[in-house]
Amino acid sequence: DEVFCCDLKIFPKRYTLSFLHPLSLDYIALPRLATERTIMSESAITMATDDEGLAEIATQLRQNLDVKDRRYHMKSYKQCFVGSEAVDYMVESQMVVNRKDGVELGNSLVEAGTFAHVHRDHEFKDEHLFYRFSSDEDHGQSATTPQGKRMSWKHFLAESFVADTDVQLRQPHLQPGNVESGQDCPTSAIAPLDEHNISLLDKVHPPKWESPSAKPIYDLVVIGAGAGGLVTSAGASGVGAKVALIEKHLLGGDCLNVGCVPSKAILRAAKAAQALRNAQTDVEGLGVSMQGEVKVDFPKVMERMRRLRADIADNDSVERFAHKLGVDVFLGEGKFIGKNMVEVNGQQLKFVKCVIATGGSPALPAIPGLHEAYSNQPLDLPRVLTNENLFNLTTLPERMAVIGAGAIGMEMAQAFQRLGSQVTVFARRGRVLPKEDEDVGDMLQAALAKEGVTFILDVEEYVQTSLTTDQVTVTYKRQASNTESLSFDAVLVAAGRKPNVGSLNLEAADVKYDHVNGVSVNDGLQSSNSSIYAVGDVCTRYQFTHAADFMARMVIKNTLFFGSEKFSNLLIPWCTYTSPEVAHVGAFGQDLTSQEVDFDVYEKRLTHNDRAILEAETEGVVRILCKKGSDKIIGATIVAPHAGDMISEITLAMQSNTGLGKLASVIHPYPTQADAIRACGDLFNKTRLTPMVRKLLRTVVRVHRTGKK
């Protein structure tokens with residue numbers, strides 16, 4: 001055969017080389033390149049490499065395969081086909097050359113969500129296994145345009161769709177669902193509507209999504225599609241449960257859309273800017289310097305964040321959960337109408353068990369003028385910010401205030417200072433990171449102050465917040481001081497969060513809750529209604545994605561498999577991603593002292609760690625708390641450039657009941673900052689060298705030296 005052209009294409013999660021065949025003028029693609037077969041092998045399979053081509057293949061298969069109700073082991077399976085029969089057709093119709101390529105094509109279609117094994121237990125195989133087209137399953141469906149293409153939010157930018165007024169351009173522009181004291185929370189929106197945000201919205205809230213018809217009864221109904229809700233839904237569906245997932249805003253929740261993912265993208269850009277800034281004057285004395293100005297292209301920083309967020313969103317997408325995982329997806333507001341019934345989009349969903357995973361929202365403190373300023377500001381140029389609209393910014397605020405000195409406040413204060421803003425942090429408690437050890441907070445405050453962040457930590461009262469077209473003014477009273485005012489281009493409010501419980505009609509389900517702590521649950525995460533559980537920010541003070549993840553895994557066992565997993569058994573570490581990072585697991589010394597619990601402290605400063613010295617990163621510490629007189633680890637704090645990675649070694653030791661003394665025998669590569677953990681183990685072992693032990697050891701050494709006892 002003669003090859004006219006060759007190009008590299010991406011076919012659902014497989015790289016393929018495509019050749020234009022001179023006779024058929026069709027693309028011939030080779031899965032996995034030429035490592036499995038020669039490039040011009042006759043076993044090449046003909047397939048399309050875009051959505052339209054996939055749809056054409058699916059239509060051809062659907063029209064020609066024997067799709068019907070089938071029985072196996074006394075159980076009926078509706079509208080399915082046999083894998084080996086599908087391969088028969090592929091070969092006979094010359095869609096593929098041989099059966100092996102038919103399996104390759106079949107698995108590509110499975111990955112694309114075209115069809116799946118009826119129990120989703122198998123990939124596509126040339127065997128007597130039953131498969132069902134996603135079009136024959138009712139898990140919800142994307143709307144299509146008049147031309148038959150899957151509808152996208154970009155279509156609402158086209159002139160031909162301007163008249164379509166029943167769906168607003170900025171959807172999903174919805175209430176977060178946390179209403180307190182009859183006052184609506186401010187709305188949130190994804191902006192700007194560039195190609196990346198349109199891609200994000202298409203994945204996590206596709207326009208005009210057609211809800212499935214409610215099944216007679218669900219094993220599990222999950223309300224909320226953040227980290228906890230998604231893990232619950234995916235895990236339960238994966239073990240064969242009938243699952244309905246309800247989300248009125250964006251799948252992925254805060255973490256994907258307005259939390260962990262976008263913030264870490266911004267932190268990466270800020271870190272690069274600071275590294276270049278340090279190189280200007282060779283701050284670290286490396287002998288390497290840079291001449292010229294450090295330029296931060298803030299719009300490009302935010303564009304990169306939006307692009308990466310949209311890429312990551314595939315894993316949390318509506319299409320994945322509906323068509324690949326077999327979850328019934330309802331995009332709408334769910335409300336309880338009974339102890340075992342939820343209503344959404346006019347349909348009633350009856351359940352055996354339910355999981356509330358509605359998450360939380362930023363809490364706006366009761367500062368006069370703040371709620372009004374946040375609610376009435378223009379969406380395209382917000383000046384009063386929370387995490388829900390911070391990542392919509394396209395212009396860098398020249399002057400920025402941060403109200404709140406917790407983890408979110410400190411991360412964003414450092415990031416925006418490094419990107420070029422002049423940042424001022426306000427707080428009431430006189431310190432930053434109030435949950436951490438005081439000296440740890442002091443260490444971080446010093447690091448940020450060195451970079452130019454200003455701190456006003458003794459605020460006694462926030463008197464007023466006023467918004468004009470070009471600035472926000474914060475009026476406050478300091479302790480033993482007169483009232484003062486400062487004006488900023490933007491104010492970020494990072495003063496805590498509140499649970500999303502207000503719109504669920506929990507009273508109808510006999511679920512106890514309050515607006516501060518959220519849903520009341522026992523140690524098994526079960527609410528006052530024995531059929532309803534809760535996970536994540538809506539029911540716990542551990543407001544972390546990884547906490548919600550493992551709460552969800554626990555709830556799957558407890559709801560579906562008569563499990564007795566306990567939340568109190570979960571060991572949850574956390575990390576503040578500043579520079580340096582601050583990570584913690586277990587108990588704090590101040591809490592143990594207040595509880596009159598005796599403990600020992602083993603601490604190694606990074607000033608004595610060779611790798612930290614060589615990297616000029618000596619501002620840090622590894623601090624490990626042990627039960628008094630024992631090597632049993634009960635808590636740890638690490639301040640280091642990669643503390644979030646280092647804390648896992650201690651978490652594992654605590655989880656497996658490995659004592660600090662044994663960590664001393666763990667060989668770490670030299671030089672590494674993690675070796676400071678081993679060094680803490682050495683400190684413990686030294687405490688075992690009592691005067692009596694030392695005397696005994698000296699005697700043994702003398703015997704070896706002299707040969708006499």
Side-chain angles (χ1 to χ4, degrees), residues 176-178 188 200 203-204 222-236 245 247 249-268 305 308-317 320-321 325 355-363 386-388 390-391 406-412 415 433 435 494 496-500 518-519 521 525 533-556 565 567 570-578 581-585 642-645 647-648 651 655:
N178 192 3
S188 59
L200 173 69
K203 294 173 182 178
V204 300
V222 181
I223 306 177
L230 293 180
V231 173
T232 303
S233 300
L245 175 63
E247 173 56 56
H249 197 46
L250 308 176
L251 266 72
D254 271 21
C255 182
L256 170 67
N257 299 292
V258 292
C260 319
V261 170
S263 66
K264 301 311 170 281
I266 291 175
L267 288 175
R268 177 63 186 92
M305 176 274 293
L308 296 178
R309 178 174 61 181
D311 290 344
I312 291 173
D314 284 329
N315 201 51
D316 295 351
S317 68
R320 175 174 179 259
F321 274 79
L325 301 181
V355 175
I356 301 171
T358 48
S361 300
T386 67
N387 71 294
E388 290 188 339
L390 172 66
F391 304 107
I408 296 174
M410 296 302 287
E411 286 181 7
M412 292 299 99
L433 296 185
K435 294 181 180 179
R497 295 178 64 78
K498 55 189 178 182
N500 291 338
V519 177
V521 294
L525 300 180
Y533 293 68
V535 300
D537 293 8
V538 75
C539 67
T540 179
R541 63 187 179 91
Y542 292 96
Q543 298 177 345
F544 311 109
T545 294
H546 51 282
D549 182 328
F550 278 81
M551 292 170 78
R553 296 165 189 252
M554 174 183 150
V555 158
I556 292 171
E565 299 289 316
F567 178 69
L570 295 182
L571 183 62
I572 303 173
W574 62 81
C575 182
T576 300
Y577 296 94
T578 47
E581 294 178 356
V582 177
H584 180 83
V585 65
H642 301 286
D645 296 322
I647 199 70
S648 293
T651 304
Q655 189 84 39

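The structure displayed is predicted, hence computed values, not measured ones. Atom set for the values below is all heavy atoms of this structure, side chains included, hydrogens, waters and symmetry mates excluded.
V231 and I556 get closest at one heavy-atom pair: O-CD1, 3.8 Å. When all heavy atoms are compared, the tightest approach of D537 to G360 is CB-N, 3.7 Å. Heavy atoms only, all atoms of each residue included: A313 and V204 are closest at CB-CG1, 4.2 Å. Listed here is the closest heavy atom pair of P362 and K498: O-CE, 3.6 Å. The two residues L390 and M412 come nearest to each other via the heavy atoms CD2-SD, 3.6 Å. Here the closest non-hydrogen pair linking T545 and C255 is OG1-SG, 3.2 Å.
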Stepwise side-chain contact (heavy atoms from CB on, under 4.5 Å) check, V355 with I223: CA-CA 6 Å; V355 175; I223 306 177; over 6 Å; no
Derivation of the salt bridge (Lys or Arg N to Asp or Glu O under 4.0 Å) call for R553 and D549: CA-CA 7 Å; R553 296 165 189 252; D549 182 328; 2.5 Å; yes
Working for side-chain contact (heavy atoms from CB on, under 4.5 Å), residues I572 and F567: CA-CA 10 Å; I572 303 173; F567 178 69; 4.0 Å; yes
Verdict with supporting geometry, E247 and V222, side-chain contact (heavy atoms from CB on, under 4.5 Å): CA-CA 9 Å; E247 173 56 56; V222 181; over 6 Å; no
Salt bridge (Lys or Arg N to Asp or Glu O under 4.0 Å) assessment of D314 paired with K203: CA-CA 7 Å; D314 284 329; K203 294 173 182 178; 2.9 Å; yes
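Rounded to the nearest 0.5 Å, atoms CG (L251) and OG (S317) are 8.0 Å apart. Distance CZ/F391 to OG/S263: 5.0 Å, rounded to 0.5 Å. S361 OG to H249 NE2: the interatomic distance, rounded to the nearest 0.5 Å, is 9.0 Å. Separation of atoms CZ (R309) and CG (L256) is listed at 7.5 Å; rounding is to 0.5 Å. A distance of 11.5 Å separates CG in L308 from CZ in R268, rounded to the nearest 0.5 Å. With rounding to the nearest 0.5 angstrom, the CD atom of E411 is 4.0 Å from the NZ atom of K264.
At distances below 3.5 Å, at least one donor-acceptor pair connects side-chain atoms of T232 with backbone N or O atoms of G228. Between the H584 side chain and the T576 main chain, no donor and acceptor come within less than 3.5 Å of each other. A distance-only check finds no donor-acceptor pair linking the side chain of D254 to the backbone of G259 [under 3.5 Å].
The shortest side-chain heavy-atom distance between L230 and F321 falls under the 4.5 Å cut-off.
The aromatic rings of F544 and Y542 sit tilted relative to each other, their planes meeting at an angle between 30° and 60°.
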